[in-house]
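Below you'll find the structure, written out as structure tokens, and then a few comments.
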Amino acid sequence: MEPLGTFEIIIRVLYQLSSVWIALLLLFALSIAFKRRLGLYGKLFDSPIGMIGFGLVMFWVFVGIFGAMDLIITHDPLSQVSGMKNKVPGTPLAGAEEGEYAWYLLGGDNLARDVFSRVVKGAWIVVQIAPLATLFAFMVGITLGLPAGYYGGRLDTFLSFLANLILAFPVILLFYLLVTPEIVATGLPTMMAIVLFMFPIIFLGVLLNSRYRTQPAFRTPLLIGVLGFALWLYLALISENGYLVRSIPGLPSVLDPFDIPGGILVVFVSVVFVNSPTVFRIVRGLAMDIKTRDYVAAAQTRGEGPWYIMLWEILPNARGPLIVDFCLRIGYTTILLGTLGFFGLGLPPESPDWGSTINEGRKLLSIYLHPALPPALALLSLVLGLNLLADGLREESLKD
């Protein structure tokens with residue numbers, strides 16, 4: 001077989017991503033058709049900047065999802081093919097078997113692995129970690145920031161001191177320290193996971209209880225169902241090979257249906273820990289401002305409880321800045337993950353995450369551009385999309 005030309009490579013890459021284009025087309029068509037019923041999300045489609053950012057973000061989300069389902073990748077991202085080391089894009093495989101994709105569309109890396117498949121699989125790692133870890137960080141920050149801003153006093157002083165203590169360390173340095181093998185060996189990340197992963201459960205419990213406290217017949221079964229499911233996920237997240245914190249007897253297999261790889265769990269916990277203090281300070285400042293508004297005084301006059309006021313009066317009116325910060329923070333997290341992978345920290349060495357792929361490719365950058373360039377452009381485009389999305393959301397939220 002002959003090597004593919006540039007035009008043929010582009011056409012084949014676009015064809016491999018056909019499921020992504022279809023998903024994007026359906027998403028945009030439905031969103032635009034019903035945008036007047038979708039609140040702030042619908043208004044996003046009135047902003048060209050927001051639409052471009054949303055399109056870039058969702059492109060990589062769909063690439064990650066369909067890549068995890070093996071609908072896009074052309075080869076195993078970890079397998080090495082003899083004779084394909086550092087081969088240029090479009091190089092055919094010698095002796096390709098029936099049913100095997102016959103080319104390396106974006107070339108091979110220094111270990112003869114398919115660059116295209118590794119970029120696609122790397123998107124799934126980002127889609128898994130960055131949004132969920134940021135969401136957990138927001139739950140921690142909101143759960144602590146609302147009472148600190150609403151009550152003030154000693155509680156505010158104590159929590160602010162802890163947040164400032166963490167923020168006193170440079171973020172990158174703190175992140176590096178948490179994922180180094182020596183710190184991981186002490187079990188500190190696991191203990192941090194036990195504490196930090198409790199906050200989403202606390203947040204959900206307080207949120208539902210404050211909303212339905214006057215309807216006990218509905219509230220009680222709802223809390224049992226939601227918190228029971230959340231506790232099950234919590235146990236599955238923090239347990240390792242059927243053991244809770246290694247030293248406690250094994251959990252039943254029903255309670256521990258899956259195990260998260262140690263490297264991913266450490267990175268996840270580190271992202272939550274590093275981002276939570278900043279979110280706490282933002283939420284605290286917003287709560288201190290909004291609690292002086294008339295509608296909060298009206299809720300207090302009606303006899304509403306403090307948590308109801310915080311979660312159902314203050315928090316919804318702080319959603320604009322928080323949504324914008326959420327998008328930006330996912331971008332920061334994506335850059336942190338790439339930086340960690342670049343320095344070989346956190347995730348396993350063979351991981352196809354973009355940072356690791358860039359690091360492996362840059363060793364021969366003066367000779368071969370193709371191993372490092374695709375993951376670098378992928379990282380750049382995703383972070384750019386998140387920033388544009390945040391700008392669009394900020395623009396639309398100011399119009400409310």
Side-chain angles (χ1 to χ4, degrees), residues 61 65 68 127-148 150 159 187-262 264-277 279-280 283 305-316 318-319 322-323 326 329-330 333:
V61 169
I65 293 173
V127 169
Q128 278 183 295
I129 297 177
L132 282 176
T134 306
L135 180 63
F136 272 56
F138 263 72
M139 288 188 178
V140 175
I142 289 171
T143 305
L144 297 177
L146 283 176
Y150 184 78
L159 293 177
L188 179 62
T190 304
M191 300 305 296
M192 289 169 60
I194 293 173
V195 175
L196 293 175
F197 290 175
M198 280 297 297
F199 280 92
I201 300 176
I202 297 171
F203 178 81
L204 288 174
V206 174
L207 182 75
L208 295 175
N209 182 67
S210 63
R211 179 64 179 84
Y212 299 107
R213 66 186 180 89
T214 59
Q215 307 172 42
F218 176 73
R219 177 199 61 184
T220 303
L222 178 65
L223 283 175
I224 292 174
V226 172
L227 295 184
F229 180 74
L231 185 60
W232 170 64
L233 287 179
Y234 170 79
L235 292 174
L237 279 171
I238 65 173
S239 63
E240 297 180 359
N241 300 320
Y243 289 84
L244 184 62
V245 202
R246 300 177 185 171
S247 59
I248 300 178
L251 295 170
S253 59
V254 175
L255 293 179
D256 188 22
F258 59 87
D259 285 310
I260 298 178
I264 292 180
L265 181 63
V266 169
V267 172
F268 193 96
V269 171
S270 302
V271 170
V272 175
F273 181 74
V274 168
N275 283 318
S276 296
V279 177
F280 163 83
V283 174
W307 278 105
Y308 179 91
I309 294 172
M310 284 185 272
L311 291 170
W312 296 98
E313 296 288 348
I314 295 176
L315 186 59
R319 69 184 186 279
L322 291 180
I323 291 173
F326 182 79
R329 202 160 295 282
I330 294 176
T333 301

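Keep in mind that what you see is a predicted model, and the values were worked out from it rather than measured. By convention here, the first residue in the shown sequence is residue 1.
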Closest non-hydrogen atom pair, [X] against [Y]:
X: A148; Y: F280; result: CB-CE1, 3.7 Å
X: P216; Y: P221; result: O-CD, 4.2 Å
X: W312; Y: S210; result: NE1-OG, 3.2 Å
X: G141; Y: V279; result: CA-CG1, 3.9 Å
X: P189; Y: V266; result: CB-CG2, 4.1 Å
X: Y150; Y: P306; result: CE2-CB, 4.0 Å

Practice prompt. Begin with the C-alpha distance, continue with both residues' side-chain angles, and end with the deciding distance and a verdict on side chain to side chain contact (heavy atoms under 4.5 Å, CB included) for V269 and L196.
Written response: CA-CA 8 Å; V269 171; L196 293 175; 4.2 Å; yes

State the [atom1]-[atom2] distance between [X] and [Y], to the nearest 0.5 angstrom.
X: F203; Y: M139; atom1: CZ; atom2: CE; value: 6.0 Å
X: Q215; Y: L222; atom1: CD; atom2: CG; value: 10.0 Å
X: R213; Y: L223; atom1: CZ; atom2: CG; value: 13.5 Å
X: M310; Y: L207; atom1: CE; atom2: CG; value: 12.0 Å
X: T134; Y: I330; atom1: OG1; atom2: CD1; value: 5.0 Å
X: L135; Y: N275; atom1: CG; atom2: CG; value: 12.0 Å

For N209 and G205, indicate whether the former's side chain and the latter's backbone hold a donor-acceptor pair under 3.5 Å.
no

Query - Heavy-atom donor-acceptor pair, Y234 side chain to I194 backbone, under 3.5 Å - result: yes

Test item: [X] and [Y] side chains (from C-beta on) under 4.5 Å apart, heavy atoms:
X: F199; Y: I142; value: no
X: L208; Y: L227; value: no
X: L311; Y: L146; value: yes

When you look at R329 and F138, which way does the side chain to side chain contact (heavy atoms under 4.5 Å, CB included) test go after all the steps?
CA-CA 10 Å; R329 202 160 295 282; F138 263 72; 4.0 Å; yes

Residues at least two apart in sequence or cross-chain that pass ring pair (Phe, Tyr, Trp, His ring centres under 6.0 Å) with F136, listed by chain then number, are F197, F268

